[in-house]
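Here's the structure we're looking at; comments come further down.
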Amino acid sequence: MTIRDIPWTHPLKVRLQNGLERTFCSVHEALDFLENEWPLKRGERYDRAVTACRRALNRMTPAAVAREAFIAACLEAGMPAVVAAPLPYARTASGPAGAVA
């Protein structure tokens, strides 16, 4: 069984320890990074982020909770997280993002 990914309403830009920035747009991207590329695979916030992302992918917790847990883990590991702009295809009540009335 394949678990469907869950996009965040706003992408998250993280400054990695090497100075590069990386944007995460979904729960699965964050979990993949935590499990496969994380520089420090220990810590209370790291553990909470992994658990929260897994629970979100299984529809047991909101994606926003997983996002906040991921942000906390990034801060714990010395990677400042910066909220990125909304996705260009996000829609609002007035239409597509960036539309001028």
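Owing to the predicted nature of the structure, the values given are computational and were not obtained by experimental measurement. Heavy atoms only: backbone and side chains are in, while hydrogens, waters and symmetry mates are out.
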Quiz item: Does the side chain of Arg59 come within less than 4.5 Å of Arg4's, by heavy atoms?
Solution: yes
Quiz item: Looking at residues at least two apart in the chain, or sitting in another chain, which of them share a salt bridge (charged side-chain N to carboxylate O under 4.0 Å, His left out) with Arg22?
Solution: Glu37
Self-check item: Nearest atoms (heavy-atom pairs only) where Pro80 meets Leu75
Solution: CA-CD2, 4.1 Å
Quiz prompt | Minimum heavy-atom distance Ala66-Ala56, with the two atoms named | solution = CB-CB, 3.9 Å
Self-check item: Any side-chain heavy-atom pair of Leu57 and Asp5 under 4.5 Å
Solution: yes
Quiz item: Which value, rounded to the nearest 0.5 Å, describes the distance between Phe24 atom CZ and Cys74 atom SG?
Solution: 6.5 Å
Quiz prompt | Euclidean distance, Cys25 SG relative to Trp8 CH2, rounded to 0.5 Å | solution = 8.5 Å
Quiz item: Sequence neighbours excluded, which residues qualify as side-chain hydrogen bond (donor to acceptor under 3.5 Å, both in side chains) partners of Glu21?
Solution: Arg15
Quiz item: Looking only at heavy atoms, what is the nearest atom pair of Ala69 and Ala49, with distance?
Solution: O-CB, 3.5 Å
Self-check item: Side-chain (Arg67) to main-chain (Thr9) donor-acceptor, under 3.5 angstrom
Solution: no
Quiz item: Can Ile6 be reached from Leu31 by stepping across I, L, V, M, F, W or Y side chains whose heavy atoms are under 4.5 Å apart?
Solution: yes
Quiz item: Does Asn58 reach the main-chain N or O of Met60 with its side chain, forming a donor-acceptor pair under 3.5 Å?
Solution: no
Quiz prompt | Thr61: side-chain hydrogen bond (donor to acceptor under 3.5 Å, both in side chains) partners, not counting sequence neighbours | solution = none
Exercise. Could you check whether the rings of Trp38 and Phe33 sit parallel, tilted or perpendicular, using 30° and 60° as the cut-offs?
Key: perpendicular
Self-check item: Which atom of Tyr46 lies closest to which atom of Leu34, heavy atoms considered
Solution: OH-O, 3.2 Å
Quiz item: salt bridge (charged side-chain N to carboxylate O under 4.0 Å, His left out) with Arg45: which residues, sequence neighbours excluded?
Solution: none
Quiz item: With Glu35, which residues qualify under salt bridge (charged side-chain N to carboxylate O under 4.0 Å, His left out), at least two apart?
Solution: Arg54
Quiz item: Out of curiosity, Met79 CE to Leu20 CG, how far, rounded to the nearest 0.5 Å?
Solution: 12.5 Å
Quiz prompt | Test side-chain hydrogen bond (donor to acceptor under 3.5 Å, both in side chains) applied to Asn36 - qualifying residues, sequence neighbours left out | solution = Asp32
Quiz prompt | Residues which pass side-chain hydrogen bond (donor to acceptor under 3.5 Å, both in side chains) with Gln17, listed by chain and number, not counting sequence neighbours | solution = none
